[in-house]
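Here's the structure, in structure tokens; my notes come after.
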Amino acid sequence: MTTVLITDDQPLQRLGFRMLLESQDDMTVLGEAGNGTEAIRMSADLRPDVVLMDIRMPGLDGIEATRRIIASGDRTRVLILTTFDLDEYAYAGLRAGASGFLIKDALPEELLSGIRAVSTGDAVVAPSLTRRLLDAYVQHLPSTAPTDSTSLDPRLAVLTEREREILTVIGQGWTNAEISSRFHLAESTVKTHVSRILAKTGARDRIQAVILAYDTRLVWPS
């Protein structure tokens, strides 16, 4: 059973989410928060598997609420819901530690699949959407590529050569199946490599691993 805390300042929006989630046999809504401050308090009290987090709310916004929930160290994961595709705030939300984001007008099955994915530690976004996210993300990077190819970011130094190779293609949006095919590895082996990469680097999920690949210049926009 996946437990969910809904955070949105619009009561009708919360009601719609609640009705959808409670129609599922494997989901339970633990509560509703109307702003970021309530979300932080209720997350600490209820310890949900997933917090559905709106971004624009009065008072404490969803980005700061996400940052504080993640910083608390609980197992709760945050799925950001935004009104506009590639909203500028989605970038900040992911950097704050969210496990992904969806657009509020996503299909019901997309939202449900996203919640299930996040609750199991996966990223919610498909590779195609990951690439679109990165198009927005790279706007925040320096305009020139690094010239010192001999230096290795300390966050990458803990990885084996194979793990760095896999992190590179994760950053390029490859799926496990694509990695398995092109590296001639069993998909179970790929999953093991991905799990080790997340554990060694402290990345919470695949989306955070993608951000790490760009932050460390392991991947550079073409």
Apply the test side-chain hydrogen bond (donor to acceptor under 3.5 Å, both in side chains) to residues D205 and S99: give CA-CA distance (whole Å), side-chain angles for both, the deciding distance (0.1 Å), then the verdict.
CA-CA 6 Å; D205 49 48; S99 293; 2.6 Å; yes
Could you point out which residue of V194, I197, V210 forms a side-chain contact (heavy atoms from CB on, under 4.5 Å) with L167?
I197
Interatomic distance, Q208 atom CD to D215 atom CG [nearest 0.5 angstrom]
9.5 Å
Go through the steps for L79 and M53 under the test side-chain contact (heavy atoms from CB on, under 4.5 Å), then give the verdict.
CA-CA 6 Å; L79 173 56; M53 183 72 75; over 6 Å; no
Hey, could you give me each pair passing side chain to side chain donor-acceptor pair (under 3.5 Å) that has a residue in residues 8-17? Not counting sequence neighbours.
D8-K104, R14-E32
Roughly how far, to the nearest 0.5 Å, is CD1 of I170 from NE2 of H193?
10.5 Å
Indicate yes or no: at least one non-hydrogen side-chain atom of L30 is less than 4.5 angstrom from one of I6.
no
At their closest point, which heavy atom of G36 faces which heavy atom of M57, and how far apart are they?
N-CE, 3.6 Å
Verify the neighbour count for atom CE of M1: are there more than 12 heavy atoms of other residues, nucleotides or ligands below 6.0 Å?
yes
If you take all heavy atoms of E178 and T175, which pair is closest and at what distance?
OE1-N, 2.8 Å
Does E161 CD have over 12 foreign heavy atoms under 6.0 Å away?
no
Side-chain heavy atoms of V78 within contact of I70, under 4.5 Å
yes
Check whether any side-chain heavy atom of E165 sits under 4.5 Å from a side-chain heavy atom of T168, and report yes or no.
no
Between S113 and E110, is there a donor-acceptor pair closer than 3.5 Å when you use the side chain of the first and the backbone of the second?
no
Is there a side-chain contact between R162 and R196, using heavy atoms and a 4.5 Å cut-off?
no
Please find the pair of heavy atoms, one from W174 and one from R206, that lie closest to each other, and give the distance.
O-NH2, 3.0 Å
Using the rule given for salt bridge (Lys or Arg N to Asp or Glu O under 4.0 Å), can you reason through R75 versus D49, listing the C-alpha separation, both sets of side-chain angles and the distance that settles it, and then say yes or no?
CA-CA 7 Å; R75 60 181 174 81; D49 296 317; 2.3 Å; yes
Which residue pairs pass the side chain to side chain donor-acceptor pair (under 3.5 Å) test when at least one of the two sits in residues 33-45, sequence neighbours left out?
none
First locate atom CG of L21, then atom CG of L52, and finally report the distance between them rounded to the nearest 0.5 Å.
6.0 Å
If you define the side chain from C-beta out and look only at heavy atoms, does anything of D74 sit under 4.5 Å from I69?
no
With rounding to the nearest 0.5 angstrom, report the CG to CG distance, L159 to L212.
8.0 Å
Test item: L112 and L20 side chains (from C-beta on) under 4.5 Å apart, heavy atoms:
yes
Tell me whether V158 is reachable from L218 by hopping between hydrophobic residues (I, L, V, M, F, W, Y) whose side-chain heavy atoms are closer than 4.5 Å.
yes
What pair of heavy atoms forms the shortest contact from A39 to T7, and how long is it?
CB-OG1, 3.5 Å
Could you go through the side-chain contact (heavy atoms from CB on, under 4.5 Å) check for N176 and K191 one step at a time?
CA-CA 7 Å; N176 284 353; K191 290 179 180 178; 3.6 Å; yes
Which value, rounded to the nearest 0.5 Å, describes the distance between L156 atom CG and E163 atom CD?
11.0 Å
Euclidean distance, I115 CD1 relative to F17 CZ, rounded to 0.5 Å
8.5 Å
Determine whether V51 and R77 make a side-chain contact, defined as any pair of heavy atoms from C-beta on separated by less than 4.5 Å.
no
Would you say the side-chain atoms of T76 pair up with the backbone N or O of P48, donor to acceptor, closer than 3.5 Å?
yes
Trace of the side-chain contact (heavy atoms from CB on, under 4.5 Å) decision for I80 with I55
CA-CA 7 Å; I80 284 179; I55 292 181; 3.5 Å; yes
Show the nearest heavy-atom pair for residues V219 and G171, with the distance to one decimal.
CG2-CA, 4.0 Å
